[in-house]
Number of protein chains: 2
Amino acid sequence: MKFGTILLYGIVLGLILVLPAYFQYQFMFMTYGVEWHIGFIALLFLVIGVWVGNQLWANRKLESAQNTPIVRSGNPGAPGLSQREFEVLCGIAEGLSNQEIASKMHVSLNTVKTHVANLYDKLDVKRRTQAVQVAKTLGLLS
Amino acid sequence: MKFGTILLYGIVLGLILVLPAYFQYQFMFMTYGVEWHIGFIALLFLVIGVWVGNQLWANRKLESAQNTPIVRSGNPGAPGLSQREFEVLCGIAEGLSNQEIASKMHVSLNTVKTHVANLYDKLDVKRRTQAVQVAKTLGLLS
DNA sequence: CACGGGCTCACCCAAAAGCATGAATTTGTC
DNA sequence: GACAAATTCATGCTTTTGGGTGAGCCCGTG
C-alpha cells in the first residue's frame with residue numbers, strides 16, 4: 001500500500017475522531033447523555049471499521065494479483081528440482097494418485113512419497129494441489 | 001449465512017457493547033476521564049468493524065474474484081456446475097484444503113465435502129488434482 | 001577414499017480426502 | 001402453494017496424503 005493512502009486514511013480517521021469529540025460535547029453529549037454519545041461513537045466506528053477493512057482487503061488482493069506474474073518471470077528453474085522429483089510433479093499435475101505415479105515410474109509407492117515430500121519442501125507447499133498451482137506460477141509447468 | 005452465525009455475531013457485538021459500558025464506568029471512566037473512554041470505545045469498535053467486515057464480505061469477495069473464468073468460458077461443455085460447486089472448485093485450484101475452503105465460504109467441512117463429491121461426479125473425476133486438470137481443459141478455469 | 005546428493009524403499013502415525021447415506025432448509029419456478 | 005434444485009450439515013467408514021525417521025545403493029567431486 002502506498003504511503004499516501006495510509007496518510008489519507010489516517011487523516012480521515014483523525015478527523016472523524018476529533019470532530020465529534022469537539023462538536024458533540026456541545027449538543028448531543030449534554031442533550032442525550034453520555035450513554036447515547038458512546039453508543040453513537042461505537043456505531044460510527046463499527047461502520048468505519050467495515051469500510052477500512054474492505055479498503056485494506058482490496059489492496060491486498062491487488063498486490064497478490066500483481067505478484068504472480070513477477071515471480072514467474074524471475075524464477076525459471078529456481079527451486080532446483082531433480083529429474084525424478086519433476087517427473088512426480090508432472091504426474092501430480094495430471095491428477096494421478098501416488099500409486100498411479102509409482103506404477104508409471106516403475107517404483108514403489110514409498111519412493112513416490114519420498115519424492116513428493118522433498119518436492120513439497122523445495123516448493124514450500126503442503127498439498128499437491130498447491131504444488132501444481134505454485135509450479136505453474138513459477139513457470140515449471142505449462 | 002446460517003441463522004446461528006448471525007445470532008452469534010449479534011450476541012458478541014451486544015456483549016462487547018454492554019460490558020464496557022458496565023465496567024468502564026467504575027474504573028477507566030473515573031480514572032482517565034471520558035475522552036480516553038471514548039477513544040477506547042472508538043478503537044475497539046474500529047477493530048471489531050474490520051473483523052465484521054471481513055467476515056461479511058469474504059463470501060462476496062470469493063465469488064467476485066472467481067466469477068471471471070466462468071463468464072469467460074460461457075459454460076461450453078455444460079457440466080452444469082452450481083455456483084457453490086464452482087466456488088469450491090476455485091478453492092481446490094488455489095491449492096486450499098477442504099477446511100480452508102470451508103472457512104473461506106463460511107460453511108462446515110461436511111458441506112464442502114458434499115460439494116466436492118457432487119463436483120467430482122459432474123466432472124467425472126476421482127481426485128482434486130484431476131478435477132483441476134479436467135476443469136482447465138474444459139475451459140472452466142484459466 | 002570420504003563426503004554429499006540423488007534415488008530407492010520401508011515403517012509408523014496423523015491428517016486430509018473421499019464415499020455413502022440421510023435429512024433439514026432455502027430458493028427459484030411453474 | 002407445490003415442486004425441483006440447490007445448499008447446508010451430519011455420521012460412519014475407507015482410502016489417500018503427508019510427516020518423520022532410518023537405511024542401503026550409486027555416482028561424481030574434492
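Letters go in sequence order (proteins before strands), and every chain restarts at 1. What you see is a predicted model, and the numbers here were worked out from it, not measured in a lab.
- Put simply, A:Val112 and A:Val125 are part of the same group of oily side chains (I, L, V, M, F, W, Y) that touch within less than 4.5 Å, one to the next.
- A distance of 6.5 Å separates CG in A:Leu138 from CG in A:Leu123, rounded to the nearest 0.5 Å.
- Interatomic distance, A:Asp124 CG to A:Leu119 CG, rounded to the nearest 0.5 Å: 11.5 Å.
- The hydrophobic cluster containing A:Val132 also contains A:Val134, counting ILVMFWY residues as joined when their side-chain heavy atoms lie under 4.5 angstrom apart, directly or transitively.
- Side-chain N or O atoms of B:Tyr120 include one that pairs as donor or acceptor with a backbone N or O of B:Arg128 at under 3.5 Å.
- For A:His106 and C:dT8, the NE2 to P distance is 12 Å, given to the nearest whole Å.
- A sub-4.0 Å separation between OP1 or OP2 of C:dC9 and a side-chain N or O of A:Asn110 is absent.
- In terms of modelled atom types and a separation under 3.5 Å, the side chain of B:Glu85 and the main chain of B:Ser82 share a donor-acceptor contact.
- Of the residues in residues 88-103 of chain A, not one comes within less than 4.0 Å of DNA chain C through any heavy atom.
- Hydrophobic clustering of Ile, Leu, Val, Met, Phe, Trp and Tyr side chains at less than 4.5 Å, counting indirect connections, unites A:Phe86 with A:Val88.
- Scanning residues 126-133 of chain B for heavy-atom distances under 4.0 Å to DNA chain C yields B:Lys126, B:Arg127, B:Arg128.
- For the atom pair B:Arg84 CZ and B:Ile101 CD1, the distance stands at 11.5 Å (nearest 0.5 Å).
- Across the helix from C:dC1-D:dG30 to C:dC30-D:dG1, the helix axis at one end is tilted relative to the axis at the other end by 50° (nearest 10 degrees, each axis from five pairs).
- OP1 or OP2 of D:dG19 has not a single side-chain nitrogen or oxygen of A:Tyr120 nearer than 4.0 Å.
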Grab the N/O contacts between the protein and nucleotides 23-30 of chain C below 3.5 Å, and write none if there aren't any.
none

inquiry  = Please determine whether side chain to side chain donor-acceptor pair (under 3.5 Å) holds for the pair B:Ser108 and B:Thr111, giving the CA-CA distance in whole Å, both sets of side-chain angles, and the decisive distance to 0.1 Å.
reply    = CA-CA 5 Å; B:Ser108 80; B:Thr111 303; 3.1 Å; yes

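- Distance, A:Leu109 CG to C:dA10 P: 9 Å, rounded to whole Å.
- Taking CZ of B:Arg127 as the reference point, atom CG of A:Asn98 lies at 9.0 Å (rounded to 0.5 Å).
- One can place NZ of B:Lys113 at 11 Å from P of C:dC19, the figure rounded to the nearest angstrom.
- Ion pairing between B:Lys126 and A:Glu100 fails under the 4.0 Å rule for side-chain N and carboxylate O.
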Hey, what are the protein-to-nucleotides 3-7 of chain C N/O distances that come in under 3.5 Å?
unit_1 : atom_1 : unit_2  : atom_2 : d
C:dC7  : OP1    : A:Arg84 : N      : 3.4
C:dC7  : OP2    : A:Ser82 : OG     : 2.3

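- Put simply, NZ on A:Lys104 and CD on A:Glu87 are 10.5 Å apart, with the number rounded to the nearest 0.5 Å.
- Going from atom CD of B:Glu94 over to atom CG of B:Leu89 covers 10.0 Å, rounded to the nearest 0.5 Å.
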request  = Quick one, give me the B/S/- string for nucleotides 24-30 of chain D, reading 5' to 3', where B means a protein heavy atom under 4.0 Å from the base and S means that only happens at the primed atoms, P, OP1 or OP2.
outcome  = -------

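- Between the CG atom of A:Leu123 and the P atom of D:dG18 there is a distance of 12 Å, given to the nearest Å.
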